[in-house]
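Note sheet for the following structure.
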Protein chains: 4
Amino acid sequence: MTDNNKKPPGRPRSVKSHQAMLRATLELLAEVGFDALSIEAIAARAGVGKSTIYRRYTCKEDLIADAIENIREDVAIPDTGNLWGDIDALIQSAAQITLNPLGRQTVATIVSSASSHPEFAQIYWKKYLQPRRQAFSVVLERAKARNEIQADLDPCLIFDIMSGIMLYSLIFQPTTESWEAYVRRALALVLKETSI
Amino acid sequence: MTDNNKKPPGRPRSVKSHQAMLRATLELLAEVGFDALSIEAIAARAGVGKSTIYRRYTCKEDLIADAIENIREDVAIPDTGNLWGDIDALIQSAAQITLNPLGRQTVATIVSSASSHPEFAQIYWKKYLQPRRQAFSVVLERAKARNEIQADLDPCLIFDIMSGIMLYSLIFQPTTESWEAYVRRALALVLKETSI
Amino acid sequence: MTDNNKKPPGRPRSVKSHQAMLRATLELLAEVGFDALSIEAIAARAGVGKSTIYRRYTCKEDLIADAIENIREDVAIPDTGNLWGDIDALIQSAAQITLNPLGRQTVATIVSSASSHPEFAQIYWKKYLQPRRQAFSVVLERAKARNEIQADLDPCLIFDIMSGIMLYSLIFQPTTESWEAYVRRALALVLKETSI
Amino acid sequence: MTDNNKKPPGRPRSVKSHQAMLRATLELLAEVGFDALSIEAIAARAGVGKSTIYRRYTCKEDLIADAIENIREDVAIPDTGNLWGDIDALIQSAAQITLNPLGRQTVATIVSSASSHPEFAQIYWKKYLQPRRQAFSVVLERAKARNEIQADLDPCLIFDIMSGIMLYSLIFQPTTESWEAYVRRALALVLKETSI
DNA sequence: CGGTAAGCGAGACGGTACGTCGCGTCTTAAG
DNA sequence: CTTAAGACGCGACGTACCGTCTCGCTTACCG
C-alpha cells in the first residue's frame, strides 16, 4: 500500500470547513478579484478561523489553485464526426468559460499567478492544461484518420499555439472580430487543411 | 497649438527626482518582483518623498508602465535579405529581452497587470505591441516580394500567433526544447513555406 | 542648550491623538482591567490607528504608566498644625484614591506591573512614591519640632512601613476593621508617641 | 462517612499526568514568568493534553496556585530561646524563599494575581499567610513571657506590618541597604524593645 | 526685490491585512 | 470515562504598506 491506512491521531480536519472556504474563495474571487482577495475576508465569509485556512495552505496562490481545481469538470472530448465540428465545439466551450465576468477574472487570476509564480504555473500546467492537450490529440488523430489534416502535424504544438492565441487575444484584444472568430482563423491557418 | 505655452506657476517638478524613482522602480522590480514591490520602498530607494510619487502616478501600475516604457528601445526592423534570417534575428532579440531575471519579471508584471487591468492592457498594446506588429508586417511583405511565403498570409494574425506562443511557452514551459527552438517550430508551421 | 531647539523634520506628532489614547487607556483600564486591556481596543476607542500607539510606546506597560502619570495631581502636604491631623488627612486622601473601583483597579495594575516588571517599579518609585516620601518627611519634621514624636525617627522608614501596610491590607484584607482604622493603628504603633 | 466510598466508574485520573503538569507549571513559571505562561506550553512540556488540564482547573490562576502550594513546606516555628534569634531566623528563611529568580517570580505571580483577583488573594491569605501569622504569634508570646517586648503588642498587627514592608521593599527597593537589614530595622522600630 | 505658488523631503496619520500565537472547546481513537 | 493528539472558531498581537495629510524648506516666476 502506498498510502498508510493508519489515521493520524487527534481530531480530523473538518470537511465542512474546507468546503466552505473553497466556496468563499471562488465567490470573492469573482466579486473583488485576485489582488483585493484577502484571507481575512475569505475566513469571514466562510465562517471559519484564519488559522483553519493557514493550517491547510501556506499562501493565497495554493488556496486559489485548489479552489479553482475543485470546480473543474472532466475533460470532454467532442466527437462530431468532423474536424471543424469538433474544433468549433472546443472553441465554444472555451468561450463559455472565459467570456463572462467570473471567467475573465479566473483567467486573469491564473495568468497573473502563473506568470509571477512558476510553481503555480507548473501545477496548472499539469492539472489542467496537459489533460486537455491529450484530449485535443485524440481529436486531431481522428482527423488524420479521416484525412482531414496532414499526418505529420504535431498535435501538442498545435494545441499550444491555439492556447497561446486564445490567451493573447483574451488579454490584448488585438482585433475587432469576435474572439471565437479570431481563434478559428488562427487555427485554420495552422491546420492548413489539405482540402485547400 | 492647443496646449498653452505658458509654464505653470510655482516650482517645476524635479526631473532628477522623477528619474530617480523610475530607476528605483526598475531595480526593485527586478529584485523583489511585482507583488512585493511597494511604493514606500521605491520612495526610500529613490530618496524621494512618497507624495512626489503620488503627485505623478495614481497607482502602482501606472508607475511601472512608465518605468518599463522608459527603457524600451526603438523598434528595430531586421533586414538580412532572407526571411528566416530576419525571423531568427527577431526571436533572438526577444529571447535576449525575456530570458533573464529582469526580463521574466517584466513580462510577468505586464501580463499580470494586463490580465487584471484591461486599461493597462490597452496602453501596452498601443505603445508596445502595435509598433512591433507593424515592423513585423514589413518583414513579411519583403518575404512575399521574394516569394518566400504565400501572398495571402495575414501578417497581423501571424504576429499575434507568434506573440501568443512566445507568451504561453514562457509561462507554462510546455516543452523540453529551448524556448527559441519551440517558437521557431511554431512559426515554421504557420508560415508553411512554399519552398518545402 | 540641553534640548536642541531645532524641530525634527516631517509632520509633527498629533497632540490630540496622543491625548485621546491616554484617555481611552484610563477608561478601559477602569472598565475591563489590566489583563483584558488590549491595544486594539484602546486604538478603537481613541479613534486612532494602532501604529500611532506603537510609534509612541513599545509595550502596554509604558503606555499605562504614561496614562496614569498624566492624571497625577501635585503632592499636597497637609498642615493642620497637629501630627494626627496631618496623618488623618493623608490617610483620608489615600483612601479616597484607592477605595473605589477605578482606584482599586489602578492599584492592582500598578502592583501587578511593578512586581513583574522591575523597570516599571522603578519608574513608579521615582515619579510617584519618592515625592510623597519627601512630603511625608516634612510632616514628620514639623511633628518633631512640636515634640510630638521622638527626634531620632527615620521618616523614610516610617513612610515605607506605612505604604507597606497600606498595600498589604488593601490586597489581603487581614482585618475586619476599616482599612483606614487599621492603617492608623499601625502608624500609632510605629510612631510610639512620647505622650504615651 | 459522608463521601461515598464507591469509586467513580471508568478510568481513574492519572496521578502521573497531574504531577507532570504541576512540575511543568513551576518550571515554566520560573523560566518565562507569569504573563508569558501559556496553558499550551505547560501541556506540551508535561506531555499532557490540554483538556486534561482544563478538566482539573478552570483558569491559569487556579493551576498556578495549586502548583505553588504543592511546593510549600510546613510552617516552621523557630525557637532559639531569644526574640531576635527567632526573628532573624524568620527573615533568613523569607530571604531564602524570595531572593532568587523563582522566588521573585513566585512573589510577583502571587501579588499580581492577588491584586487583580480578590478570590485568589483570599485563598492565599487563608492557606499561606494566616498559618504563618499564627506561628509568629507564638514567637511573640514567648518573647512577652521573657519580657523582651511589651505585653500589649498585637502580634497580628506586627506580622502584617512585617509582611507589608517585606513586600513593599521587595517590589520597590526603596533603600540601598540589604533587604534583610531593612526589614530588620523596620521590625526593631515596631517592637520598640524595652531593653533600649 | 519681495511675494506667491507649487514642489520637495520627511514622516505622522487612520486604516487594512498580514501571518502567528494562545485561548477554551470539540472530536477522534486508544487505553 | 480518561487520555494524548490535534483541529476548531475566535481574537489580539506587532508589522508592513496603503494613500492622505501636515510640516519647514526650496525653487521658480511675476509684478
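Chain letters run A, B, ... following the sequence lines, proteins first and then strands; every chain starts at 1.
Distance alone, capped at 3.5 Å, places no donor-acceptor pair between the C/K50 side chain and the C/A44 backbone. Listed for the C/S14 side chain is a donor-acceptor partner under 3.5 Å among the backbone atoms of C/S17. Checking side-chain atoms of B/K127 against main-chain N and O of B/A65 turns up no donor-acceptor pair under 3.5 Å.
Each of C/P12 and A/S17 lies near DNA chain F, and the nucleotide nearest A/S17 is the one positioned closer to the 5' end. Nearest-nucleotide assignment on DNA chain E puts the 5′-proximal partner with B/V15, out of A/P8 and B/V15. Between C/V48 and B/R56, the residue whose closest nucleotide on DNA chain E is further toward the 5' end is B/R56.
Note: B/Y128 OH to B/I68 CD1 = 10.5 Å, rounded to the nearest 0.5 Å.
By the 4.5 Å heavy-atom criterion applied to side chains, B/L63 and B/I42 are counted as neighbours. Between B/H18 and B/D66 the shortest side-chain heavy-atom distance falls below 4.5 Å. The side-chain heavy atoms of B/V107 and B/I171, taken from C-beta on, include no pair separated by under 4.5 Å.
Using a cutoff of 4.0 Å between basic side-chain nitrogens and carboxylate oxygens, D/E31 and D/R45 are scored as salt-bridged.
Regarding A/I53, its CD1 atom lies at a distance of 13 Å from the C1' atom of F/dC10, rounded to whole Å. In this entry the distance linking NE2 of D/H18 with P of F/dA4 reads 12 Å, nearest Å. The NZ atom of B/K16 sits 14 Å away from the P atom of F/dT26 (whole-angstrom rounding). Atom CE of A/M21 and atom P of F/dG9 are 10 Å apart (whole Å).
Nucleotides of DNA chain E lying under 4.0 Å from heavy atoms of chain D occupy a range whose first and last members, 5' to 3', are E/dG22 to E/dG31.
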### Query
Going 5' to 3' along nucleotides 15-20 of chain F, which nucleotides have protein heavy atoms under 4.0 Å from the base (write B), which only from the sugar-phosphate (write S), and which from neither (write -)?
B-BSBB

